[in-house]
> 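First, the structure itself, so that you have it in front of you.
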Protein chains: 2
Amino acid sequence: MPDENVTGLRPVHQRCSDCPIRHRAVCSYCAPAQLAELDAIKFYVDYAPGREIVGTGEPTKSLGSVVSGVVALQKILSDGRRQIVGLLFPGDFIGRPFEQRAPYDAVAVTPVKMCLFRRSQFEDLLTREPELEHRLLEMTLNELDAARDWMVLLGRKTAREKVASFLVVLARRAAVLEQARLADGLAFQIPLSRDAIAEHLGLTIETVSRQLTQLRKDALIHLDGARDVRLRDYRGLLEASGDDGDWDDTLVDSA
Amino acid sequence: MPDENVTGLRPVHQRCSDCPIRHRAVCSYCAPAQLAELDAIKFYVDYAPGREIVGTGEPTKSLGSVVSGVVALQKILSDGRRQIVGLLFPGDFIGRPFEQRAPYDAVAVTPVKMCLFRRSQFEDLLTREPELEHRLLEMTLNELDAARDWMVLLGRKTAREKVASFLVVLARRAAVLEQARLADGLAFQIPLSRDAIAEHLGLTIETVSRQLTQLRKDALIHLDGARDVRLRDYRGLLEASGDDGDWDDTLVDSA
DNA sequence: GTCCGTCCTTGATCTGAATCATGGGATGCG
DNA sequence: CGCATCCCATGATTCAGATCAAGGACGGAC
């Protein structure tokens, strides 16, 4: 119930150009044509780390996108086992249009700012603006592809490959965000605790810790503290991740 | 490259009412409004079991839906490990609009008949017909939810829970298709080999076999041959599947 | 500063599922 | 028919990762 959790509500007529998501390539529903209308109905909400944004089965009143921070989508089995089924970064869409109830929990893993719309209003706009809906479809198709990639990781990869794959994903994000080369020397932060990593990879916290140590000892990465990583042998890391063959990877420094 | 594999191409002007998918609730893009246009551009293709419909990275020329049979979507790692990331049943959509290349293989696991459209033609129609696109969005959102449910299975469930979950999914499908009660006594077939089941559940063939035997010994199911299953204790099977709490399950015989 | 709590690492042990190995029952074919 | 092949079940053994256990590093409260 995001509406109840408002801690940083802003005036409604704020310009969308103030909204950080607008500056990202993935922000595909804040397009010029619909900007004014979206602008008029959006609002902002802040969440503290660990805070639940929506719970499974709750009525979803709002949907929108992450402005800053990282959100985890998770499912919890009745005995407490947890699986993080997706991570959302700034610009990513959150919420389930055309459904009354959320199919999974959304939890803030860092301080999070959301840019939200009331579901009914957003759905109205969707039906009136085919182009908006088209972009949402493309985003959803991309998410589906990503989810299926992750299924391969969960079902078939070893612990080492899982951790290496996770680091590769983070490194790719960092390279795009910082307009940097995806190559040795690139530094980035792990935005999750060991616990959250484990629950994203289908492992335990101890195994994650051990594998990270091992990747460091194998000279594939530098580790400074628990969250600061620097690539030491990206090519090696990619091999350790189990899916080499992704050599359509234009970002890689081929030197 | 489906176009090359044509074994059952039919005349273009066949009425859509001949198309079996039209009679299914899930066939959401053969709606009356667009029926004539879709009718004019569709064609049929048959595939033998084991036949590849599209390969990962191949240019996707066609997309459409499954008319009969079962299709597996799979990814293969470079060393041969395989993960089936989705099963498609009659009425399910297949193909990746707005992308040049297929993100995963599609393989026929039974004899399959497809109802296909050339990608460019279908995409044209999508942009002209917002309602068509809307329905595709809803289907994609549902697939995404299903994929994330499966991630919980792959990441956090035991072998027994995985196999039980798989049977529950099949039982649900059978109940819907046959308009039957989802209750003890319901009989259905497993459309996959032990091998394919294993690769869908992230297990080995031996473990699948053992768990099925165990579920039989525990009096949760009857097993007649390798593929014929009859529910003996659905409630128990659901508990064994790890996600009870799904008691919004209106299909369940509450007696 | 001390105390406490949270997060992370590392070692020792255990176990669920993989792997290795064998045989049985279909089905197809020369 | 005999033989080969494929698919499945099941027993024996191994091993990757979970579990159990201990301790270190950091940060906040007081």
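The sequence lines fix the lettering, A, B, ..., with proteins before strands; numbering per chain opens at 1.
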> Select base, sugar-phosphate, or nothing to describe what A:Leu203 touches, counting heavy atoms under 4.0 Å on all strands.
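If one applies the 4.0 Å heavy-atom cut-off, A:Leu203 turns out to touch the sugar-phosphate alone, with no base involved.
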> Hey, does the side chain of B:Asp184 reach the backbone of B:Leu231 with a donor-acceptor pair shorter than 3.5 angstrom?
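No; zero donor-acceptor contacts below 3.5 Å.
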> Check the phosphate of C:dT19 against B:Thr204, side-chain N and O only, distance under 4.0 Å to OP1 or OP2. Yes or no?
no
> Keeping the roles fixed (side chain from B:Asp92, backbone from B:Phe89), state whether a donor-acceptor pair exists under 3.5 Å.
yes
> Donor-acceptor pair, A:Arg194 side chain versus A:Ala226 backbone, under 3.5 Å?
yes
> Going by the side-chain hydrogen bond (donor to acceptor under 3.5 Å, both in side chains) test, name the single residue among A:Glu143, A:Gln74, A:Gln83 that passes it with B:Arg148.
A:Glu143
> Return the value, rounded to whole Å, for the distance between atom CD of A:Glu206 and atom P of C:dA12.
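Those two atoms, CD and P, are 15 Å apart.
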> Can you check whether A:Leu63 reaches A:Arg96 side chain to side chain, under 4.5 Å on heavy atoms?
no
> Base, sugar-phosphate or nothing for B:Gly202? Non-hydrogen atoms, less than 4.0 Å.
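The answer is sugar-phosphate, as B:Gly202 gets under 4.0 Å only of primed atoms, P, OP1 or OP2.
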> Closer than 4.0 Å, any side-chain N/O of B:Thr207 to the OP1 or OP2 of C:dA17?
no
> Provide, to the nearest angstrom, the distance between the CD1 atom belonging to A:Ile190 and the P atom belonging to C:dC7.
15 Å
> Quick one: on DNA chain C, does A:Gly225 or B:Val208 contact a more 5' nucleotide (nearest heavy atom)?
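Result: A:Gly225.
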> Rounding to an integer number of Å, can you tell me how far A:Gln211 CD sits from C:dT10 P?
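Rounded to the whole Å, the gap is 12 Å.
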> For the pair made of CG in B:Asp224 and P in D:dC8, what is the distance, rounded to whole Å?
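Spelled out: CG on B:Asp224 to P on D:dC8 is 14 Å.
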> Would you kindly compare A:Arg156 and A:Ser193 by the position of their nearest DNA chain C nucleotide and give the one closer to the 5′ end?
A:Ser193
> Could you check how far CZ of A:Arg81 sits from C1' of D:dT19, rounded to whole Å?
15 Å
> Measure from CG on B:Leu215 to C1' on D:dA9 and round the result to the nearest Å.
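Taking atom C1' of D:dA9 as the reference, CG of B:Leu215 is at 15 Å.
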> So, does B:Arg210 get its side chain near the phosphate of D:dA9, meaning an N or O under 4.0 Å from OP1 or OP2?
no
> Output the rounded distance in Å from CZ (B:Arg194) to P (C:dA26).
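Going from B:Arg194 (CZ) to C:dA26 (P), I get 14 Å.
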> So does A:Ser209 get a side-chain nitrogen or oxygen closer than 4.0 Å to the phosphate oxygens (OP1/OP2) of C:dT10?
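So the side chain of A:Ser209 is outside the cut-off, no N or O lying under 4.0 Å from OP1 or OP2 of C:dT10.
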> Atom CG of A:Leu223 to atom C1' of C:dC7: distance rounded to whole Å?
15 Å
